[in-house]
Amino acid sequence: MKQLKNDNAANRASYVGYIYNIGERKHKEDILNNIPKEWSSLHQKGYIHIHDLDAYDLTYNCLTIDLAKIFPFNDYRNYDEKSKLINIFSFIKELLINLGNEQSGGMAFANFDNELASIITKLNINHLNNKKLIKALLNDFIIWCNNNHTRMGQTSYYITLNIGLANNELSRYISKILLESFYETSDKIIKPNIVFKVKKGINFEEKDKNYDLLKLALKCTTKKMIPTYLLCDSKEDKDFDPNLLSVMGCRTRVVNDIYGNIGAIGRGNIANISINLVRIALEAIREKSDSKTIEEIFISKWDKIASIVKDILLDRFDKVCLSDKNNYEYNMKYKLWCEDFNKPLKEIYKHGTLSIGFIGLSEAIEILTNKKYYDNVNNYLMAIRIIKHMRDYCDCLIMTYNLNFSLLATSGEYISGRFVELDKKDYGNLNIFKKGYYTNSFHVDVDSNLPGYKKLQYEGPFHELCNGGSISYLELGEAPIGNTIGLLEYINIAITNNVHYLGFNFPKDICNNCDYIGIFDKCPYCNSTSITRIRRVSGYLEILDGFTPGKKAEEKNRRRN
């Protein structure tokens with residue numbers, strides 16, 4: 001069954017998904033018709049994108065779960081060891097399914113290795129006698145995360161397992177088996193998202209106890225592009241307890257909390273809205289004047305849009321806080337947030353974040369100056385000043401409204417192409433539109449051909465400014481099998497340049513007939529043209545056929561760093 005329109009590469013066609021999409025689109029229309037016209041017009045014309053519009057008045061976005069804290073130990077104390085282990089994973093799956101239907105975005109475990117080890121220990125399970133079963137259950141869980149597309153009848157669950165800080169032999173064993181199992185599974189197994197936390201004194205240097213786990217993670221990445229790496233010694237993260245840090249979904253970062261619950265655990269993002277920087281730059285060029293610099297005009301225009309975005313986020317926050325608590329059965333049952341659900345929702349969700357995002361910094365600077373932001377020092381400093389202004393604005397909102405506003409370096413899976421098509425309607429076929437997409441957030445262009453170390457140098461300063469989440473990618477020409485040392489060198493360069501979160505990309509084609517892996521249009525082994533193409537879309541891996549038009553165009557343009 002064909003989807004109405006595939007806005008998400010993770011979707012798979014189904015009857016339930018088809019019917020869901022009809023209802024979803026109608027609800028989005030109703031939302032746009034019921035919010036102030038000025039707000040809906042900005043979304044419809046492509047100045048902004050209100051993410052998860054269907055969830056506007058119903059639920060929040062994403063959440064990091066403390067699995068060990070919420071686990072119902074008493075339900076399993078009378079089981080034998082094997083039954084306890086089997087039911088631990090049954091509980092995790094049930095939790096993810098039900099929570100996935102109570103919120104609009106991703107779910108993460110901040111320390112999956114330590115949390116799972118804690119549960120096994122508290123249930124008095126002798127893991128030494130059950131190593132084979134633990135391995136089998138972890139392997140089954142990986143395959144379940146990859147193959148399950150039951151959310152909304154069509155979508156996989158956005159699950160992120162943060163690991164790397166294992167603090168005892170059992171949690172080390174869990175990390176080891178998780179990484180080995182993911183490495184050994186079929187190359188078509190591309191989920192869940194696994195994030196390895198890199199921290200000096202724990203796993204970064206040869207003398208560190210978990211250095212062997214980092215090496216294993218790097219080996220897995222050379223083959224599968226997973227794990228990605230949360231760099232806990234970057235400037236943005238080094239002053240926080242690494243156990244409290246977590247990546248949710250493709251890049252969401254939730255750390256600071258003006259209400260005292262520092263860190264991601266039991267907290268999440270409530271909502272985010274992205275601003276189209278390219279549209280603002282095009283308008284700024286039209287309004288050149290002798291009294292203001294082009295940068296001043298751009299910033300003034302951004303301020304006007306951001307002020308409205310702020311109003312939309314506040315309205316959305318208020319509406320979610322007024323939603324029916326019965327919508328959050330599993331949140332209430334297991335007390336998943338850092339505040340008890342007996343309190344008013346506002347007291348709970350005030351710990352979440354409201355994010356202003358952006359896309360197309362590279363194209364915006366090119367429009368304003370006729371050069372890329374990484375072409376010369378003046379352009380680069382302009383780019384930094386613009387993003388710094390945006391961050392300062394978000395910080396001012398925190399003080400004004402006593403809510404956790406943040407600046408998000410948006411992943412633009414859908415909007416990378418949507419904004420281009422909308423901007424064409426008002427500006428015609430400009431050269432900037434010809435490639436068919438806008439560049440994610442602050443990223444250097446995917447066809448820049450810059451060496452990897454240069455790309456990280458340029459992007460590093462933006463990570464500190466984008467406190468709502470960010471990532472940098474290095475595009476490799478092929479799978480770097482056997483070159484873990486090269487990846488480790490890049491991690492070191494990334495930390496030096498204060499990159500907060502790092503991923504490695506490479507094209508990966510799999511023959512559906514004989515499972516040959518490489519980069520090809522016809523299998524060199526059996527001549528089949530039935531090929532599964534695995535690529536990173538916007539933070540997570542997916543099959544290229546399902547990419548949105550904008551992301552397909554971007555993928556075509558990607559060049560190795």
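Note that the numbering runs from 1 along the sequence shown for the chain. Note that the structure is predicted; figures quoted are calculated from it, not measured. Computed over heavy atoms, backbone and side chain alike; hydrogens, waters and symmetry mates excluded.
- The two residues Tyr438 and Asp423 come nearest to each other via the heavy atoms OH-OD2, 2.7 Å.
- Residues Asn449 and Lys454 bring no donor and acceptor atom of their side chains to less than 3.5 Å of each other.
- When every heavy atom of Lys388 is checked against every heavy atom of Leu465, the shortest pair comes out as CD-CD2, 3.6 Å.
- For the pair Asn162 and Phe109, the minimum side-chain heavy-atom distance is 4.5 Å or more.
- Looking only at atom types and distance, the side chain of His351 has a donor-acceptor partner in the side chain of Asp257 under 3.5 Å away.
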message: Assess the residue pair Glu347 and Tyr259 against the criterion (side chain to side chain donor-acceptor pair (under 3.5 Å)); give the C-alpha distance rounded to whole Å, side-chain angles, the decisive distance to 0.1 Å, and a yes or no.
response: CA-CA 10 Å; Glu347 291 301 305; Tyr259 293 101; over 6 Å; no
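- With salt bridges taken as basic N to acidic carboxylate O contacts below 4.0 Å, none links Glu421 and Arg418.
- Here the side chains of Arg533 and Pro507 are not in contact, with every heavy-atom distance at 4.5 Å or above.
- Judged by distance alone, with hydrogens and angles left aside, the side-chain atoms of Asn505 form no donor-acceptor pair with the main-chain N or O of Leu474 at under 3.5 Å.
- No side-chain heavy atom of Glu478 sits under 4.5 Å from any side-chain heavy atom of Phe506.
- A donor-acceptor pair shorter than 3.5 Å can be found between the side chains of Asn111 and Lys197.
- Counting heavy atoms from C-beta on, the side chains of Asp324 and Tyr328 never come closer than 4.5 Å.
- Side-chain polar atoms of Asn497 and Tyr453 form no donor-acceptor pair below 3.5 angstrom.
- A donor-acceptor contact shorter than 3.5 Å links the side chain of Tyr373 to the backbone of Phe442.
- One finds a salt bridge joining Lys28 and Glu24 here, because a Lys/Arg side-chain nitrogen approaches an Asp/Glu carboxylate oxygen to under 4.0 Å.
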- request: Show the numbers, then the answer: is there a side chain to side chain donor-acceptor pair (under 3.5 Å) between Glu102 and Asn331?
  value: CA-CA 8 Å; Glu102 289 183 14; Asn331 271 287; 3.0 Å; yes
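- Closest non-hydrogen pair, Leu422 versus Arg279, comes out as O-NH2, 3.5 Å.
- Checked by atom type and distance alone, the side chain of Glu459 pairs as donor or acceptor with a backbone atom of Val444 at under 3.5 Å.
- No more than 12 heavy atoms of other residues, nucleotides or ligands lie within 6.0 Å of CZ in Arg560, so this atom counts as exposed by the packing criterion.
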- prompt: How far apart are the C-alpha atoms of Arg253 and Glu236, what are their side-chain angles, what is the distance that settles it, and do they pass the salt bridge (charged side-chain N to carboxylate O under 4.0 Å, His left out) test?
  reply: CA-CA 11 Å; Arg253 180 180 185 270; Glu236 186 179 10; 3.2 Å; yes
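- At least one side-chain heavy atom of Ile294 sits less than 4.5 Å from a side-chain heavy atom of Ile285.
- His51 contributes atom NE2, which lies 2.5 Å from atom OG of Ser274 (distance to the nearest 0.5 angstrom).
- At a threshold of 4.0 Å, the pair Arg316-Asp57 does not count as salt-bridged, since none of the basic side-chain nitrogens sits closer than that to a carboxylate oxygen.
- Atom CZ of Phe358 is separated from atom CZ of Phe462 by 7.5 Å, given to the nearest 0.5 angstrom.
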Working for salt bridge (charged side-chain N to carboxylate O under 4.0 Å, His left out), residues Glu295 and Arg385: CA-CA 9 Å; Glu295 182 180 339; Arg385 287 194 299 270; 2.7 Å; yes
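- A ring-centre distance under 6.0 Å is not found for Tyr374 and Tyr380.
- Inspection of the Ser472 and Tyr501 side chains reveals no N or O donor paired with an N or O acceptor under 3.5 Å.
- For the atom pair Phe504 CZ and Arg536 CZ, the distance stands at 10.0 Å (nearest 0.5 Å).
- Considering NE2 of His500 and OG of Ser234, their distance stands at 6.5 Å, rounded to 0.5 Å.
- For Tyr60 and Trp337, the ring centers are positioned less than 6.0 Å apart.
- Using a cut-off of 4.0 Å between Lys/Arg side-chain N and Asp/Glu carboxylate O, Arg558 and Glu554 are scored as salt-bridged.
- In this structure the side chain of Leu345 reaches within 4.5 angstrom of the side chain of Ser323, judged on heavy atoms.
- For NZ of Lys292, the number of neighbouring non-hydrogen atoms (other residues, nucleotides, ligands) closer than 6.0 Å is 12 at most.
- In terms of modelled atom types and a separation under 3.5 Å, the side chain of Asn379 and the main chain of Asp375 share no donor-acceptor contact.
- More than 12 heavy atoms of other residues, nucleotides or ligands sit less than 6.0 Å from atom CG of Asn33.
- Distance CD1/Ile312 to CG/Leu42: 6.5 Å, rounded to 0.5 Å.
- Here the options are Lys435, Lys372, Lys434, the test is salt bridge (Lys or Arg N to Asp or Glu O under 4.0 Å), and the partner is Glu363; only Lys435 passes.
- Between the side chain of Asn376 and the backbone N or O of Asn378 there is at least one donor-acceptor pair closer than 3.5 Å.
- His49 and Asn276 share no side-chain donor-acceptor pair at under 3.5 Å.
- The two residues Gly460 and Val499 make their nearest non-hydrogen contact at CA-CG2, 3.9 Å.
- A donor-acceptor pair under 3.5 Å is formed between the side chain of Ser40 and the backbone N or O of Lys37.
- The environment of Lys552 atom NZ is dense: over 12 non-hydrogen atoms of other residues, nucleotides or ligands sit within 6.0 angstrom.
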task: I would like to know whether Tyr229 and Thr221 meet side chain to side chain donor-acceptor pair (under 3.5 Å); could you show each step before the answer?
output: CA-CA 10 Å; Tyr229 296 87; Thr221 299; 2.7 Å; yes
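- Leu544 has its side chain within reach of Glu555: a pair of non-hydrogen atoms, C-beta onward, lies under 4.5 Å apart.
- Inspection of the His463 and Ser470 side chains reveals an N or O donor paired with an N or O acceptor under 3.5 Å.
- For the residue pair Pro192 and Ile159, the shortest heavy atom distance occurs at CB-O, 3.6 Å.
- The main-chain N or O of Ala55 is never found under 3.5 Å from a side-chain atom of Thr59 such that the two would form a donor-acceptor pair.
- Within a 6.0 Å radius of CD in Glu296, more than 12 heavy atoms belonging to other residues, nucleotides or ligands are found.
- Taking 4.0 Å as the cut-off between side-chain N and carboxylate O, Lys551 and Glu413 do not count as a salt-bridged pair.
- A side-chain donor-acceptor contact under 3.5 Å links Lys455 to the backbone of Tyr473.
- No donor-acceptor pair closer than 3.5 Å links the side chain of Thr410 to the backbone N or O of Ile359.
- Side-chain atoms of Arg535 come within 3.5 Å of backbone atoms of Lys508 as a donor-acceptor pair (strictly under, hydrogens ignored).
- In plain terms, the two heavy atoms of Asp426 and Arg286 that are nearest each other are O-NH2, 3.3 Å.
- Distance CD/Gln103 to CG/Asp52: 10.0 Å, rounded to 0.5 Å.
- When side chains are defined from C-beta on, Tyr393 counts as touching Ile356, because their heavy atoms get closer than 4.5 Å.
- Shown are Leu408, Leu407, Ile273, Asn467; of these, the side chain to side chain contact (heavy atoms under 4.5 Å, CB included) with Ser355 is made only by Leu408.
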